[in-house]
Protein chains: 2
Amino acid sequence: MSKLKKKYRSGIEAALEVIGGKWKGIVYYHLSHGKKRTQELNRLIPTITRKMLVKQLRELERDGIVERTVYAEVPPRVEYELTDYGQSLKPVLNTFCEWGESHLEQVYGDKNHVLDQFSDLNHC
Amino acid sequence: MSKLKKKYRSGIEAALEVIGGKWKGIVYYHLSHGKKRTQELNRLIPTITRKMLVKQLRELERDGIVERTVYAEVPPRVEYELTDYGQSLKPVLNTFCEWGESHLEQVYGDKNHVLDQFSDLNHC
DNA sequence: CCGTATCCACGCAGATACTG
DNA sequence: CAGTATCTGCGTGGATACGG
């Protein structure tokens with residue numbers, strides 16, 4: 001985990017540092033539904049570049065949320081999954097996500113019009 | 001509230017759009033402890049520039065989280081406070097904040113070493 | 001006191017090509 | 001397949017000065 005000395009003004013800042021930003025949330029979201037290979041994640045999030053994806057995963061790893069497993073095969077296979085510690089974010093992000101969806105309803109009337117659908121995933 | 005048509009991949013993204021980023025969390029945090037004038041907020045968050053502060057407040061206002069009240073006085077007085085809708089984020093951000101604080105403990109051993117103290121505020 | 005305008009530098013992130 | 005390197009642009013946000 002990160003050991004940078006830095007001042008935070010509230011736990012919100014600290015949590016946002018771990019899971020905030022443009023990509024972390026959606027990456028976490030997919031990993032919370034099970035172990036994934038790099039490529040799978042990239043396919044699930046087509047708009048992220050490989051470079052960014054790897055960067056997000058490294059940071060999640062550094063913060064102890066995600067574990068990276070490399071299999072000594074050819075061609076190489078790498079899998080990412082939530083650590084036990086990462087699981088502790090689940091209920092937190094779940095209420096967060098639910099608030100987000102109800103917010104979309106507030107703003108747009110129908111959240112489904114602005115939420116991309118995933119075949120086999122339910123929301124939140 | 002915002003009416004931009006945009007696709008979200010999960011409620012997390014939507015919520016992050018409202019409360020994510022470098023400043024929104026801490027601004028919300030202070031407003032959740034009561035109505036504040038512009039200057040007060042700027043004093044409570046010394047590292048934010050006036051321009052950024054106003055920008056964050058405008059966005060929170062646009063998203064229906066914050067209400068801005070202008071008093072026709074000289075010198076001018078402007079106050080910001082959470083709307084009823086904004087209050088709905090309180091329990092959500094509270095669990096968020098608590099996770100953040102416990103995360104700091106995990107990483108640093110003692111969260112108080114990295115948490116700036118506020119005189120009259122308790123954490124979260 | 002509150003907010004905006006202008007200028008500008010820096011860093012983030014995209015595209016692309018490359019290695020193991 | 002997974003990941004890195006380089007190069008580049010574009011936007012974000014800081015500093016500063018000004019206006020209502």
Side-chain angles (χ1 to χ4, degrees), chain A residues 2 4 6-9 13 16-28 30-31 34-63 65-82, chain B residues 2 4 6-9 13 16-28 30-31 34-63 65-82:
Chain A
S2 169
L4 279 197
K6 174 181 170 182
K7 282 289 179 185
Y8 294 92
R9 314 200 121 256
E13 274 194 8
L16 241 25
E17 191 120 324
V18 173
I19 203 62
K22 188 175 177 185
W23 300 111
K24 298 257 177 69
I26 186 66
V27 170
Y28 182 95
H30 286 296
L31 289 179
K35 190 187 295 191
K36 298 277 183 301
R37 301 187 57 168
T38 315
Q39 202 178 205
E40 284 183 276
L41 283 170
N42 225 151
R43 198 156 24 74
L44 288 165
I45 319 172
T47 51
I48 196 176
T49 62
R50 187 53 146 269
K51 184 177 153 190
M52 267 304 109
L53 176 59
V54 172
K55 183 163 178 277
Q56 306 309 311
L57 287 166
R58 291 291 178 279
E59 293 177 9
L60 289 168
E61 199 186 351
R62 165 179 58 81
D63 291 329
I65 309 300
V66 158
E67 186 176 22
R68 177 171 176 265
T69 311
V70 183
Y71 296 88
E73 304 174 354
V74 179
R77 180 162 60 102
V78 175
E79 289 183 339
Y80 295 93
E81 63 183 323
L82 295 189
Chain B
S2 168
L4 278 198
K6 174 181 171 182
K7 282 290 180 184
Y8 295 91
R9 313 199 123 256
E13 273 195 8
L16 242 24
E17 191 120 324
V18 173
I19 203 62
K22 188 176 177 184
W23 301 111
K24 299 258 175 69
I26 186 65
V27 170
Y28 182 94
H30 286 296
L31 289 179
K35 190 187 293 190
K36 297 276 183 305
R37 300 187 57 169
T38 315
Q39 204 179 204
E40 285 183 275
L41 283 171
N42 225 152
R43 203 152 11 81
L44 288 165
I45 319 173
T47 50
I48 196 176
T49 63
R50 186 54 146 268
K51 184 177 155 189
M52 265 306 107
L53 176 58
V54 172
K55 183 162 178 276
Q56 305 310 310
L57 287 165
R58 290 291 178 280
E59 293 177 9
L60 288 169
E61 200 186 352
R62 165 178 59 82
D63 291 330
I65 309 299
V66 159
E67 187 175 20
R68 177 172 176 262
T69 312
V70 184
Y71 296 89
E73 303 174 359
V74 178
R77 182 161 59 102
V78 175
E79 289 182 340
Y80 295 92
E81 64 183 324
L82 296 188

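Letters A, B, ... mirror the listed sequences (proteins, then strands); counts begin at 1.
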Pairwise 5' ranking along DNA chain C for A:Gln56 and B:Arg58, keeping only the more 5' one: B:Arg58
Distance test, side-chain N/O of B:Thr49 to OP1/OP2 of D:dG14, below 4.0 Å: yes
Rounded interatomic separation in angstrom, taking CD from A:Glu40 and P from D:dG3: 13 Å
B:Tyr80 vs C:dG3: side-chain N/O to OP1/OP2 distance below 4.0 Å: yes
C:dG3 phosphate, OP1 or OP2, under 4.0 Å from B:Arg37 side-chain N/O: no
d(CD, A:Glu73; P, D:dG3) in whole Å: 13 Å
Length of the NZ-C1' vector between A:Lys51 and D:dC1, whole Å: 20 Å
d(CG, B:Leu41; C1', C:dC1) in whole Å: 14 Å
Spacing of B:Ile48 atom CD1 relative to D:dG14 atom C1', expressed in whole Å: 12 Å
Side-chain N or O of B:Thr38 closer than 4.0 Å to phosphate OP1/OP2 of C:dC1: no
Main-chain N/O of A:Arg58 paired with A:Arg68 side-chain donor or acceptor, under 3.5 Å: no
Distance, rounded to the nearest Å, where A:Lys36 contributes NZ and D:dC1 contributes P: 18 Å
Interatomic distance where CH2 belongs to B:Trp23 and P belongs to D:dG13 [whole Å]: 10 Å
Per A:Gln39 side chain, nearest of listed nucleotides D:dC1, C:dC2, C:dA13: D:dC1
Below 4.0 Å: OP1/OP2 of C:dA13 and any side-chain N or O of A:Lys55: yes
Nearest-Å distance for atom pair CG/P, residues A:Leu57 and D:dC1: 17 Å
SB check A:Glu73 A:Arg77 (cutoff 4.0 Å): yes
Nucleotide nearest A:Val78 (side chain, heavy atoms from C-beta), chosen from D:dA2, C:dG14, C:dC2: D:dA2
Test item: side-chain donor near acceptor, B:Tyr80 and B:Glu67, under 3.5 Å: no
Of A:Val54 and A:Pro75, the one whose closest DNA chain D nucleotide lies more 5': A:Pro75
N or O in side chain of A:Arg77 less than 4.0 angstrom from D:dA2 OP1/OP2: no
Sidechain N-carboxylate O distance under 4.0 Å for B:Lys36, B:Glu79: no
Exam field: side chain B:Gln56 to backbone B:Leu53, donor-acceptor pair closer than 3.5 Å: no
Phosphate contact (D:dG14 OP1 or OP2) by B:Arg50 side-chain N/O below 4.0 Å: no
